[in-house]
K.L.:
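Pasting a structure below so you can have a look.
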Amino acid sequence: MNQSKKIVLSGMRPTGCLHLGHLVGAINNWVKLQEEYSCFFMVADWHALMSEYENPSNIKNYIFDNVATWIACGIDPDKSVIFVQSGVKEHLYLNMFLSCLTPLGWLERCPTYKEQLREIKDRDIQTYAFLGYPVLQAADILLYRANFVPVGQDQIPHLELTREIARRFNNLYKETFPEPEAFLSKVPKLLGLDGRKMSKSYGNTINFSDSKDEFMAKMQKMFTDPKRIKLADSGHPKECNVFSYISVFLPERTKELQPLCENAKIGCTECKKKLSELLYNKLEPIFVKRQSILKDKKTLKDILEEGKKRASETAGQTLSDAMKAVSLVYE
């Protein structure tokens, strides 16, 4: 890994199969970042366990599923470090260090923590670990001395907490960690099939694991223009979820399809059918490559083992520096 490049750390929790929202919201951006930065892409299985601890049996399968999807979408193991969080023991060691100096008030005011307590009703997440997950998140970032973390606007409070923790460690002991900055990129808006946020909990996702028949059937259920009642009515592309997918994935077709919609020359059903065919043809190479990668578990394991070695090398040096700063090195 090029040590002269700035460092980027990002990750996903293996709590389910990845969907088109992940592609648009994160993976496409990762593919671009790996060309310019030294990137660490982490399968955050400890974070997954915090919400799935009562039924963790699927996490392992989702690890392979997620990594295969990343690679199929363009993440290159030769350019980026791809690793599983629990395989690098230093994450938990640094988490312990940082837990000692993080005030409870910082965690209790975290907006995402309060939001999750309100929204997640089917699992008991009122645990010690879930309250402290921003500290583990800080350890994940600081362990690689990341300069940038790709985040959405709603995740900035989390990153600011990481910056506060780094600042407190540096002030208490010794300048050890850089304060990571948010890497904000303009991400196209992609809603679920029903017009709400795309989420597996809503059952409104198009997954990379879907067969062609499942893909086509889901697309036909997609929410369309709410103002268009009859075929003869003029359409409103800017308010139509189908057209938003065309804009994101097939921008070259917007000039052709927009006037057809606005002038009632094409109906919503026909438009969805056209989108389904065009979109599947565009994504099919990813689907095919993903299936091929998943069949070769040995190569996947080799990629993750190599990623573990490369991540551990960086993490080990950082942990050693942190231990020296705290005077916990016995000589």
Side-chain angles (χ1 to χ4, degrees), residues 10-35 39-45 47-48 52 57-87 150 187-188 190-193 198-222 245-246 248-250 275-308 310-311:
S10 195
M12 291 183 186
R13 298 184 308 130
T15 56
C17 293
L18 300 187
H19 51 67
L20 296 191
H22 294 111
L23 177 66
V24 172
I27 301 174
N28 280 343
N29 189 35
W30 290 4
V31 173
K32 295 174 184 175
L33 290 172
Q34 71 180 352
E35 300 301 328
C39 293
F40 290 84
F41 296 128
M42 176 184 73
V43 185
D45 56 338
H47 287 291
E52 309 300 319
S57 58
N58 287 324
I59 291 177
K60 182 179 179 180
N61 290 333
Y62 288 139
I63 288 173
F64 290 117
D65 179 277
N66 285 196
V67 172
T69 304
W70 294 356
I71 296 171
C73 290
I75 300 301
D76 187 342
D78 292 329
K79 295 178 180 178
S80 303
V81 179
I82 303 173
F83 68 101
V84 178
Q85 181 187 29
S86 64
V187 175
L190 191 73
L191 298 176
L193 298 171
M198 186 175 285
S199 170
K200 64 183 180 67
S201 62
Y202 294 151
N204 64 358
T205 63
I206 298 173
N207 302 321
F208 286 100
S209 58
D210 291 340
S211 67
K212 183 175 182 179
D213 288 343
E214 289 171 327
F215 180 95
M216 294 298 184
K218 284 183 175 183
M219 293 297 290
Q220 290 309 305
K221 296 177 182 178
M222 183 178 284
Y245 275 63
I246 295 172
V248 170
F249 292 104
L250 305 158
L275 170 63
S276 301
E277 293 168 352
L278 291 170
L279 184 54
Y280 188 83
N281 288 339
K282 181 163 186 173
L283 296 174
E284 187 176 21
I286 296 177
F287 295 150
V288 171
K289 186 174 181 180
R290 175 185 169 278
Q291 283 298 327
S292 175
I293 294 168
L294 279 173
K295 289 176 183 176
D296 187 1
K297 284 286 176 64
K298 182 182 183 306
T299 297
L300 265 179
K301 289 178 180 178
D302 288 346
I303 288 170
L304 290 174
E305 184 61 31
E306 178 61 23
K308 173 184 173 180
R310 294 165 70 188

K.L.:
Give the intermediate values and the outcome of side chain to side chain contact (heavy atoms under 4.5 Å, CB included) for residues Asp302 and Glu306.
P.N.:
CA-CA 6 Å; Asp302 288 346; Glu306 178 61 23; over 6 Å; no
K.L.:
Does Asp65 reach the main-chain N or O of Cys17 with its side chain, forming a donor-acceptor pair under 3.5 Å?
P.N.:
no
K.L.:
I'd like to know whether Cys73 forms a side chain to side chain contact (heavy atoms under 4.5 Å, CB included) with Phe208, so could you lay out the CA-CA distance, the side-chain angles of the two residues, the decisive distance to 0.1 Å, and finally the verdict.
P.N.:
CA-CA 10 Å; Cys73 290; Phe208 286 100; 4.0 Å; yes
K.L.:
How long is the gap from CG on Asp210 to OH on Tyr280, to the nearest 0.5 Å?
P.N.:
9.5 Å
K.L.:
His47: what forms a ring-ring contact (aromatic ring centres under 6.0 Å, His included) with it, not counting sequence neighbours?
P.N.:
none
K.L.:
Would you indicate whether the side-chain heavy atoms of Leu193 and Lys221 approach each other to under 4.5 Å?
P.N.:
no
K.L.:
Keeping Gln34 on the side-chain end and Gly74 on the backbone end, is there a donor-acceptor pair under 3.5 Å?
P.N.:
yes
K.L.:
Take atom NZ of Lys308 as the centre, draw a 6.0 Å sphere, and report whether it contains more than 12 heavy atoms from other residues, nucleotides or ligands.
P.N.:
no
K.L.:
Has the side chain of Asn207 got a donor or acceptor atom that lies under 3.5 Å from a matching backbone atom of Ser209?
P.N.:
no
K.L.:
Looking at Leu23, Asp76, Val31, Ile75, which hits side chain to side chain contact (heavy atoms under 4.5 Å, CB included) with Trp70?
P.N.:
Ile75
K.L.:
Donor-acceptor pair, Glu52 side chain versus Ile59 backbone, under 3.5 Å?
P.N.:
no
K.L.:
I need the minimum non-hydrogen distance between Ser276 and Phe215, along with the two atoms involved.
P.N.:
O-CE2, 3.6 Å
K.L.:
Give, for atom CG of Asn204 and atom NE2 of His19, the distance between the pair rounded to the nearest 0.5 Å.
P.N.:
8.0 Å
K.L.:
To the nearest 0.5 Å, tell me how far Leu300 CG sits from Lys295 NZ.
P.N.:
13.5 Å
K.L.:
Minimum heavy-atom separation for Ala72 to Ile286, with atom names?
P.N.:
CB-O, 3.6 Å
K.L.:
For Pro150 and Asn29, which heavy atoms make the closest approach, and how far apart are they?
P.N.:
CB-ND2, 4.0 Å
K.L.:
Atom CG of Leu283 and atom CZ of Arg290: how far apart are they, to the nearest 0.5 Å?
P.N.:
12.5 Å
K.L.:
Decide yes or no on side chain to side chain contact (heavy atoms under 4.5 Å, CB included) for Leu190 and Phe249, but give the supporting numbers first.
P.N.:
CA-CA 10 Å; Leu190 191 73; Phe249 292 104; 3.8 Å; yes
K.L.:
If you measure from NZ on Lys297 to CZ on Phe64, what distance do you get to the nearest 0.5 Å?
P.N.:
5.5 Å
K.L.:
Between Ser211 and Asp213, does the side-chain hydrogen bond (donor to acceptor under 3.5 Å, both in side chains) criterion hold? Intermediate values first, please.
P.N.:
CA-CA 5 Å; Ser211 67; Asp213 288 343; 5.3 Å; no
K.L.:
Would Val67 and Val84 satisfy side chain to side chain contact (heavy atoms under 4.5 Å, CB included), going step by step from the backbone distance to the final call?
P.N.:
CA-CA 9 Å; Val67 172; Val84 178; 5.7 Å; no
K.L.:
Shortest non-hydrogen contact from Phe41 to Ser80?
P.N.:
CE1-OG, 3.5 Å
K.L.:
Do Asn66 side-chain atoms and Tyr62 backbone N/O form a donor-acceptor pair below 3.5 Å?
P.N.:
yes
K.L.:
Please check if the side chain of Tyr245 supplies one atom and the backbone of Leu191 the other of a donor-acceptor pair under 3.5 Å.
P.N.:
yes
K.L.:
Surrounding NZ of Lys282 (heavy atoms of other residues, nucleotides or ligands, distance under 6.0 Å), is the total greater than 12?
P.N.:
yes
K.L.:
Check Arg310 against Asp78 and note the closest heavy-atom contact, atom names and distance.
P.N.:
NH2-O, 4.3 Å
K.L.:
Measuring from atom OG1 of Thr205 to atom CG of Leu20, what distance do you get when rounded to the nearest 0.5 angstrom?
P.N.:
8.5 Å
